[in-house]
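The structure presented is a predicted model; accordingly, all values stated were derived computationally and were not measured. What's counted below: heavy atoms across the whole structure, side chains too, no hydrogens, waters or symmetry copies. Throughout, numbering of the chain's residues begins at 1 and tracks the sequence.
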Amino acid sequence: MIIAIDVSFSPTRFLVFSIVGLPIGFILTALGFAVSERAIVAEQIFPWALALAIFSGLLGAFWKQAD
């Protein structure tokens, strides 16, 4: 039995979800730093926020609505 998986990537959706995910990533990362009582410094927050933005962009780019 062969299972066919339809994988399609939408660059536009990646861009939109990444743009929306970046400020959300900054907020969540700053909240995590505040809860852990670490100093909130932009240079330390940016890689985490960028990773969250890229992750949300990838989820949005590959996500398909059920038919």
Item to check | Hydrophobic cluster identity match, L50 and L58, side-chain contacts under 4.5 Å | outcome: yes

Checklist entry - Do F26 and W48 touch side chain to side chain, with heavy atoms closer than 4.5 Å? => result no

Item to check | F55 atom CZ: more than 12 heavy-atom contacts under 6.0 Å | outcome: no

Checklist entry - Once you round to the nearest 0.5 Å, how far does CD1 of I54 lie from CG of L22? => result 9.5 Å

Checklist outcome for this item: On a heavy-atom basis, the closest approach of G57 and F17 is CA-CB, 3.7 Å

Checklist entry - How many angstroms lie between atom CG of L59 and atom OG of S18, to the nearest 0.5 angstrom? => result 10.0 Å

Next on the checklist: Testing the basics here: between S56 and G21, what is the closest heavy-atom pair and its distance to 0.1 Å?
Outcome noted: OG-CA, 3.6 Å

Item to check | R38 side chain to F33 backbone, donor-acceptor under 3.5 Å | outcome: no

Next on the checklist: To the closest 0.5 Å, what do you measure between CG (L31) and CD1 (I40)?
Outcome noted: 8.5 Å

Checklist entry - Which atom pair, heavy atoms only, marks the closest approach of A49 to T29? => result N-OG1, 3.8 Å

